[in-house]
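We count ligands from 1, going down the list as the structure has it; atoms in each ligand are counted the same way. Computed from a predicted model, the values in this text were never measured in an experiment. This chain uses plain numbering: 1 for the first residue, then up along the sequence.
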Amino acid sequence: MIHSNLTPMNRRLSWLMACVVILGLFLSTPAAAQIGPGDILAPLPPMPEPPENPLTVEKALLGKFLFWEEQLSHDNSTSCGTCHLSEAGGSDPRVDLSRSIHPGFDGLFGTEDDVAGSIGVVLQACGGSPLDDGVFFPQRQVTGRRSQSTIGAGYHPTLFWDGRAGPEFTDPETGLVLIPSGGALEAQAVGPIISMVEMGCDTRDWDGVRQKLISVTPLALATNLPDDLIEGLLQFVNYEGLFQNAFGDSQITAARIAFAIASYERTLIPDRTPFDVFNQGISDAMTESQQLGLLLFADNCLPCHETPALGDGSFRFIGVRPPFEDVGHFAVSGDDEDIGKFKSPSLRNVGLRAPYFHNGGKATLDDVLAFYNGGGDFTPNDPLLDPPMNLPNTELSQLKDFLENGLTDPRVEFGLPPFDHPTMQPFFVRGDTNVDGAVDISDAVASLQFLFSGGIISCEDATDANDDGALDIADPVAVLGRLFIGAAPLPLPGDNSFGPDPTVDALMCLD
Ligand code: HEC
Ligand code: HEC
Ligand SMILES: [Ca+2]
Ligand SMILES: [Ca+2]
Ligand SMILES: [Ca+2]
């Protein structure tokens with residue numbers, strides 16, 4: 001059990017828990033039924049907001065447009081939401097793809113230190129042509145860490161796995177400090193837009209971003225827009241109109257982009273999990289197994305995943321990888337003590353956002369629990385993890401039930417307001433009919449089966465090898481020509497690279 005070094009608060013909790021359990025035995029009712037509202041954690045408090053950027057409906061609306069705007073990326077492929085989808089718990093759903101692997105510290109693919117990251121953009125000169133990044137070219141670059149959740153992120157005083165964003169927000173265009181504290185969301189939001197890995201190009205500047213937003217129709221590439229965005233578009237027509245509505249004049253600046261996106265993110269409050277409902281006094285909101293899981297969580301996990309958001313944001317080395325591979329918080333603090341330490345994330349909606357940890361190294365919650373049960377993969381330096389938990393399987397499954405089901409807000413899982421959003425463009429490889437990531441003879445066969453013997457396909461755009469918007473015999477012929485007579489590469493995104501369809505047609509891909 002992780003209970004050496006308990007804070008007084010946790011000691012009190014353990015004491016309370018012991019009483020609850022003993023009382024439960026005496027009354028021979030399930031122990032869990034004895035936990036009452038707020039016994040273990042207070043309810044989620046209001047979302048904090050800095051006085052310099054008070055939340056308004058108008059700013060949050062603009063922020064919602066910008067967050068889901070694929071045209072905010074240099075190559076029109078990627079929005080914030082591409083890597084932070086509600087249904088994936090606010091993280092990146094594109095994880096089963098071989099193309100989302102970063103080679104990690106050793107620079108080699110296929111070794112133990114590989115990271116399950118997020119697919120960004122092909123490195124590109126802002127003037128136009130693709131550049132060789134030395135690792136991924138001609139493929140899209142991949143981030144060196146697992147995407148985190150944007151849902152409830154505003155509860156953390158600093159952001160990113162290493163804590164490098166916030167609390168101070170400096171205007172990247174003027175160098176002025178606009179928010180001295182509580183501005184982590186604003187500080188974070190300006191990063192990805194300029195990043196040459198995530199959304200930008202080699203030397204992207206805010207003038208370029210501004211010109212781009214002025215020239216596009218909001219969300220022109222997205223589909224299935226929620227009602228509030230459709231209405232916003234009808235009323236305000238373009239980004240200048242939306243900025244005017246949010247800020248009083250139509251000027252587009254980096255700081256305003258940050259203020260709007262942060263405002264939108266502050267509306268993403270995941271406070272309707274079964275745990276929250278239970279915590280408000282509705283005792284059957286969590287099953288008995290989940291309630292027992294909550295008790296185990298309180299005893300073993302709460303010291304680091306404390307605060308009502310279930311992640312205290314403190315930095316710890318818990319032994320996920322050897323500390324030298326990714327120095328973590330050391331890069332921010334410069335303190336040797338912080339080498340290999342990462343932020344304790346919020347665990348709300350954690351069941352939706354596998355794989356886990358900063359490197360995406362654990363595929364399932366079972367793997368995470370086995371990790372904690374054995375005391376970490378690389379000897380952690382945190383006294384709270386020593387000795388290892390060593391829980392029996394029945395208790396591990398209760399803990400998992402609590403994490404997986406007790407902490408999932410159904411509005412997040414099903415993309416309901418305020419977590420609703422437009423559909424982003426599907427990524428595919430041209431000619432890859434069987435969607436296994438590579439184009440080979442089996443794709444031509446799958447296309448022929450689809451055309452002539454009732455075979456099923458899941459991505460019409462990939463099957464449309466010649467990108468003429470129609471599915472016919474010319475498509476498998478194009479694939480065979482490419483494979484066997486060295487014909488020119490298939491149309492963008494190409495037969496060796498992954499991306500959205502640059503041409504408008506009626507074809508679709510399933511997720
Ligand atoms: C290409 C994928 C990608 C894109 C695009 C992207 N992010 Fe992220 N995001 C990540 C990754 C990866 C991390 C973790 C990075 C790290 O810690 O080093 C992250 C971290 C974050 C966090 C920190 C959460 C926390 O708890 O600390 C926030 C907030 C966030 N992103 C918001 C945004 C916003 C807003 C945008 C658009 C302006 C955006 N992201 C665009 C991949 C992406
Ligand atoms: C000593 C502090 C500490 C304790 C105790 C602790 N955690 Fe964590 N937890 C962390 C840190 C730090 C991370 C991020 C580590 C990393 O990625 O390197 C983390 C990450 C996680 C993640 C991955 C979340 C994600 O988004 O990837 C899960 C799940 C998790 N913890 C569950 C638990 C459970 C369940 C327990 C109790 C059995 C527990 N933790 C106990 C500090 C702790
Ligand atoms: Ca590697
Ligand atoms: Ca294929
Ligand atoms: Ca075709």
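Considering just the N/O/S atoms of Asp114, the one nearest the Ca ion (ligand 3) carries the name OD1. When distances from the Ca ion (ligand 3) to the N, O or S atoms of Asp106 are compared, OD1 comes out shortest. Nearest to the Ca ion (ligand 3), among the N, O or S atoms that Asp113 has, is OD1. Note on His305: its N/O/S atom closest to atom 8 (Fe) of ligand 2 is NE2.
Shortest non-hydrogen contact noted between Leu492 and Asp501 is O-OD1, 4.5 Å. Nearest heavy-atom pair, Gly182 versus Glu186, reported as atom, atom and distance to 0.1 Å: O-OE1, 4.2 Å. When every heavy atom of Pro37 is checked against every heavy atom of Gln280, the shortest pair comes out as CB-C, 4.1 Å. Smallest separation of non-hydrogen atoms from Ala42 and Pro308: O-CB, 3.6 Å. Minimum heavy-atom separation, Ala184 to Ala165: CB-O, 3.8 Å.
A salt bridge does not link Asp326 to Arg321: none of the charged nitrogens lies less than 4.0 Å from a carboxylate oxygen.
Under the 4.0 angstrom criterion for non-hydrogen atoms, Asn359 is not in contact with ligand 2. Ligand 2 lies nowhere less than 4.0 angstrom from a heavy atom belonging to Phe315. The closest approach between any non-hydrogen atom of Lys362 and ligand 2 is not below 4.0 Å.
The side chain of Tyr372, and not its backbone, has at least one atom closer than 4.0 Å to an atom of ligand 2 (non-hydrogen atoms only; side chain from C-beta on).
Angle OD1(Asp432) to the Ca ion (ligand 4) to OD1(Asp436), rounded to 10°: 90°. Taking the Ca ion (ligand 4) as the apex, the angle formed with O of Ala438 and OD2 of Asp443 is 80°, to the nearest 10 degrees.
Near Asn300, meaning under 4.0 Å from any of its heavy atoms, are these atoms of ligand 2: 5 (C), 37 (C). The contact set between ligand 2 and Met389, taken as ligand atoms under 4.0 Å from a residue heavy atom, comprises 38 (C). Heavy-atom contacts of Leu369 reach the following atoms of ligand 2: 35 (C) (cutoff under 4.0 Å). Here is the list of ligand 2 atoms found below 4.0 Å of a heavy atom in Asp382: 1 (C). Heavy-atom proximity to Val350, at under 4.0 Å, picks out these atoms of ligand 2: 29 (C). Contact atoms of ligand 2 toward Tyr356: 23 (C), 25 (C), 27 (O) (distance under 4.0 Å to a heavy atom of the residue). Annotation for ligand 2: atoms under 4.0 Å from non-hydrogen atoms of Val320 are 16 (C), 18 (O).
Polar contact check, Arg353 against ligand 2: a nitrogen or oxygen pair lies under 3.5 Å apart. Polar contact with ligand 2: absent for Leu403 (N/O pair, distance under 3.5 Å).
A 4.5 Å side-chain heavy-atom check between Asp461 and Asp467 finds every atom pair outside the cut-off. In this structure, the side chains of Pro418 and Arg411 come closer than 4.5 Å at one or more pairs of heavy atoms.
For the residues Arg321, Arg348, His358, Lys343, the heavy atom positioned nearest atom 14 (C) of ligand 2 is part of Lys343. Nearest-heavy-atom check against atom 3 (C) of ligand 2 across Gly313, Gly319, Cys304 picks out Cys304. Of the listed options Gly293, Cys301, Pro345, Cys301 places a heavy atom closest to atom 37 (C) of ligand 2.
At least one N, O or S atom of Pro103 sits under 3.0 Å from the Ca ion (ligand 3). Within the coordination shell of the Ca ion (ligand 4), defined by N, O or S atoms under 3.0 Å, Asn434 is present. Taking backbone and side chain together, Leu108 holds an N, O or S atom under 3.0 Å from the Ca ion (ligand 3). Within the 3.0 Å limit, Val435 places no N, O or S atom next to the Ca ion (ligand 4).
Side-chain contact check for Asp92 and Ser118: at least one donor-acceptor pair (N or O, by modelled atom type) lies under 3.5 Å. Under 3.5 Å, the side chains of Thr111 and Asp114 contain a donor-acceptor pair of N or O atoms.
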Practice prompt. Show your working on side chain to side chain donor-acceptor pair (under 3.5 Å) between Ser447 and Asp475 and close with a plain yes or no.
Written response: CA-CA 8 Å; Ser447 292; Asp475 296 310; over 6 Å; no
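Side-chain rings of Phe371 and Tyr356 stay apart, their centers remaining 6.0 Å or farther from each other. In summary, the aromatic rings of Phe324 and Phe105 are positioned with their centroids under 6.0 Å apart.
Between His421 and the choices Phe414, Phe67, Tyr264, Trp68, the ring pair (Phe, Tyr, Trp, His ring centres under 6.0 Å) rule is met once, by Trp68.
Asp409 contributes atom CG, which lies 7.5 Å from atom CZ of Arg272 (distance to the nearest 0.5 angstrom).
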